[in-house]
Engineer: 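The following block contains the structure, expressed as C-alpha cells.
Since we're looking at a predicted model, the values are computed, not measured. Reckoned from all heavy atoms, side chains included, excluding hydrogens, waters and symmetry mates.
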Amino acid sequence: MIAPIVKSDEDFLPRAIEVLKRGGLVISPTTTNYNLICDATNAAAVSRIFAVKQRVKFGPLPVSLPHPGVAGRYVELPEWFNHAVLDDLLPGEISFVFKQKYPFPDQLTCGLHSVAISCTTHPIFRMLTQGLDGPIAATSANLSGQGNIFVPLAKAIEDIGHLVDLIIDAGPTAAELAGSGDRVNTIIDLTFDRPYLVRAGWVGLDKVKPYFPDLVTDTARYQQVLAQRVAERGERAA
C-alpha cells in the first residue's frame, strides 16, 4: 500500500516532523530530485533507508542542516578552511565533505567518519530541517543501482512509495521544470590534502573554483584516493 500523500500547500509540516521524530521515512521534494529522508541521528531510521533503497554498495548518506551556522556542531572545520565558503555558497545545492564531529550512525558514514553536509535552498526541505531542528539524511528516492537518473515524484512512488511513512507532493522539481541535466548536488571533499570534486551537479564549477583554486576536478582520481582510504580502513578493522 502506498504511504499517505500530503500536498505541499496543505498543513504538511507538523505531520512530517512527527514522522521524522519517531524514526520514520519521508519522500520530500528538493530542487533537483525527490529524496528519501530521515533523522540523520537515528540509527534505525538510517538503516531503513539502506534497506528501502536496497543499497548494498558503498554509499554514505549526505546530511542537510537547518542552516550553515550549525555546521561546527556536526563536522570538524579545519583551521585552514575559509568560512566564507559556507556563508557564500550555502544555502545552495552543494555539499561539502568534512571529518565528522557528531557521532552519526556508522552506517550513515559507511565507517569512514566523514560526512557530506549541505543546506538546501528548497523551501519545503528547509522547513523540514528547521522544523526538526537537526540534521536530515537524504538520498534520491529510488532503488539503488539505477545510475544518475532523474527521480520525479512518480518514479519515487513507483520504486519505494509503499515502503515509506509519508510522501510530500510539491509537483515538479525545479530541475524537472528546467529540463536540466544537473539532477544532483555538487559535492566537494575537503578531507584530503587537496579539495576534490566528488561529483559535478547543480552548482557549477565556475562558482566553486574561486574558493578552491587547487580543486582536483578529475572525479576518476577522486575515486582512486577514496578507494585507497576505504581499503586502508578495512585493513585496520580486520
Side-chain angles (χ1 to χ4, degrees), residues 1-53 61-71 73-74 90-95 102 104-105 108 116-143 150-180 182-185 202:
M1 180 180 297
I2 299 300
I5 300 175
V6 59
K7 297 280 190 180
S8 59
D9 58 359
E10 300 172 1
D11 189 20
F12 72 91
L13 189 59
R15 189 172 180 182
I17 296 302
E18 188 275 330
V19 169
L20 292 171
K21 284 185 175 180
R22 63 176 169 81
L25 304 187
V26 177
I27 291 176
S28 168
T30 71
T31 301
T32 52
N33 288 310
Y34 270 79
N35 272 200
L36 174 63
I37 69 172
C38 75
D39 176 356
T41 69
N42 187 313
V46 168
S47 182
R48 275 190 68 195
I49 280 191
F50 278 81
V52 165
K53 285 182 65 71
L61 298 180
V63 169
S64 186
L65 303 179
H67 53 86
V70 302
R73 297 182 192 174
Y74 300 102
L90 296 179
E93 274 50 64
I94 184 168
S95 301
Y102 183 89
F104 289 108
L108 183 141
I117 62 165
S118 65
C119 182
T120 183
T121 62
H122 194 279
I124 302 300
F125 202 169
R126 288 204 74 186
M127 291 171 70
L128 293 171
T129 57
Q130 292 170 357
L132 184 63
D133 194 25
I136 287 180
T139 181
S140 59
N142 65 306
L143 296 175
F150 179 63
V151 185
L153 179 60
K155 173 64 173 173
I157 292 174
E158 176 186 358
D159 273 20
I160 61 172
H162 59 297
L163 299 171
V164 303
D165 303 294
L166 186 68
I167 300 167
I168 301 172
D169 178 1
T173 67
E176 185 177 4
L177 290 172
S180 174
D182 294 323
R183 306 182 179 101
V184 291
N185 274 22
W202 190 263

Engineer: Between Ile167 and Val6, is any pair of side-chain heavy atoms under 4.5 Å apart?
Structural biologist: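 Side-chain contact under 4.5 Å: no.
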Engineer: From Gln130 CD over to Leu65 CG, what is the distance, rounded to the nearest 0.5 angstrom?
Structural biologist: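 Gln130 atom CD to Leu65 atom CG measures 11.0 Å (nearest 0.5 Å).
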Engineer: With rounding to the nearest 0.5 Å, note down the distance linking CE in Met1 to CG in Leu163.
Structural biologist: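 Met1 CE to Leu163 CG: 13.0 Å, rounded to 0.5 Å.
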Engineer: Is there a side-chain contact between Tyr74 and Val63 in this structure, where contact means two heavy atoms from C-beta onward sitting under 4.5 Å apart?
Structural biologist: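 Tyr74 vs Val63: side chains apart.
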Engineer: What I'd like to find out is whether the side chain of Asn185 reaches to under 4.5 Å of the side chain of Ile94, using heavy atoms alone.
Structural biologist: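 Asn185 does not reach Ile94 side chain to side chain.
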Engineer: Before giving the answer on side-chain hydrogen bond (donor to acceptor under 3.5 Å, both in side chains), spell out for Ser140 and Asn33 the whole-Å C-alpha distance, their side-chain angles and the decisive distance to 0.1 Å.
Structural biologist: CA-CA 6 Å; Ser140 59; Asn33 288 310; 5.5 Å; no
Engineer: Does any non-hydrogen side-chain atom of Thr41 lie less than 4.5 Å from one of Pro135?
Structural biologist: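 In contact.
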Engineer: If I compare all heavy atoms of Leu20 with all of Cys38, which pair ends up nearest, and what's the gap?
Structural biologist: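 Of all heavy-atom pairs spanning Leu20 and Cys38, the closest is CD2-CA, 3.8 Å.
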Engineer: If you look only at pairs with a residue in residues 151-174, which of them pass as a side-chain hydrogen bond (donor to acceptor under 3.5 Å, both in side chains), with sequence neighbours excluded?
Structural biologist: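 Residue pairs passing side-chain hydrogen bond (donor to acceptor under 3.5 Å, both in side chains), neighbours aside: Lys7-Asp169, Arg48-Asp165, Gln146-Lys155, Gln146-Asp159, Lys155-Asp159.
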Engineer: As a quick check of understanding, evaluate side chain to side chain contact (heavy atoms under 4.5 Å, CB included) for Ser64 and Arg126, giving each step before the final call.
Structural biologist: CA-CA 9 Å; Ser64 186; Arg126 288 204 74 186; over 6 Å; no
Engineer: Using modelled atom types and a 3.5 Å cut-off, is there a donor and acceptor pairing between side-chain atoms of Asp39 and backbone atoms of Lys21?
Structural biologist: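 Between the backbone of Lys21 and the side chain of Asp39 there is no qualifying donor-acceptor contact (under 3.5 Å).
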Engineer: Taking the side chain as C-beta and beyond, is there a heavy-atom pair between Arg15 and Pro4 under 4.5 Å?
Structural biologist: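 When only atoms from C-beta onward are counted, Pro4 and Arg15 do touch, with a gap below 4.5 Å.
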Engineer: Where is the tightest heavy-atom contact between Leu153 and Tyr34, given as atom of each residue plus distance?
Structural biologist: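 For Leu153 versus Tyr34, the nearest heavy atoms are N-CD1, 3.4 Å.
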Engineer: Looking just at side-chain N and O atoms, do Glu93 and Thr120 make a donor-acceptor pair shorter than 3.5 Å?
Structural biologist: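 The answer is yes; a qualifying pair exists.
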Engineer: Between Leu128 and Leu132, is the side chain to side chain contact (heavy atoms under 4.5 Å, CB included) condition met? List the steps.
Structural biologist: CA-CA 6 Å; Leu128 293 171; Leu132 184 63; over 6 Å; no
Engineer: Determine the minimum heavy-atom distance between Phe104 and Ala40, stating which atoms define it.
Structural biologist: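 Heavy-atom minimum between the residues: CD2-O, 3.5 Å.
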Engineer: Surrounding CZ of Arg73 (heavy atoms of other residues, nucleotides or ligands, distance under 6.0 Å), is the total greater than 12?
Structural biologist: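 No, the 6.0 Å shell around CZ holds no more than 12 heavy atoms from other groups.
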Engineer: Please give me the minimum heavy-atom distance between Leu61 and Ala137, naming the atom from each residue.
Structural biologist: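 Closest approach of Leu61 to Ala137, heavy atoms only: CD1-CB, 4.2 Å.
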Engineer: Show the nearest heavy-atom pair for residues Pro66 and Cys119, with the distance to one decimal.
Structural biologist: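 Shortest heavy-atom contact: O-SG, 3.8 Å.
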Engineer: Is any side-chain heavy atom of Leu25 closer than 4.5 Å to a side-chain heavy atom of Leu36?
Structural biologist: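 They are in side-chain contact.
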Engineer: Drop me the distance from His67's NE2 to Thr129's OG1, to the nearest 0.5 angstrom.
Structural biologist: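 If we round to the nearest 0.5 Å, His67:NE2 and Thr129:OG1 are 9.0 Å apart.
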Engineer: With rounding to the nearest 0.5 Å, note down the distance linking CG in Leu166 to CZ in Phe12.
Structural biologist: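 The CZ atom of Phe12 is 10.0 Å from CG of Leu166, to the nearest 0.5 Å.
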Engineer: Considering non-hydrogen atoms only, spot the tightest contact between Lys53 and Asn142 and give its length.
Structural biologist: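 Shortest heavy-atom contact: NZ-O, 2.7 Å.
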Engineer: Please determine whether side chain to side chain contact (heavy atoms under 4.5 Å, CB included) holds for the pair Ile5 and Ile157, giving the CA-CA distance in whole Å, both sets of side-chain angles, and the decisive distance to 0.1 Å.
Structural biologist: CA-CA 10 Å; Ile5 300 175; Ile157 292 174; 4.0 Å; yes
Engineer: Take Val184 and Trp202, measure what side chain to side chain contact (heavy atoms under 4.5 Å, CB included) needs, and give me the verdict at the end.
Structural biologist: CA-CA 6 Å; Val184 291; Trp202 190 263; over 6 Å; no
Engineer: For a 4.5 angstrom cut-off between non-hydrogen side-chain atoms, does Thr139 reach Ile49?
Structural biologist: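 Contact flag for Thr139/Ile49 side chains = yes.
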Engineer: Considering residues at least two apart in sequence or located in another chain, which fulfil the side chain to side chain contact (heavy atoms under 4.5 Å, CB included) criterion with Thr30?
Structural biologist: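 Scan of Thr30 (side chain to side chain contact (heavy atoms under 4.5 Å, CB included), adjacent residues dropped) gives Thr32, Asn35, Phe125.
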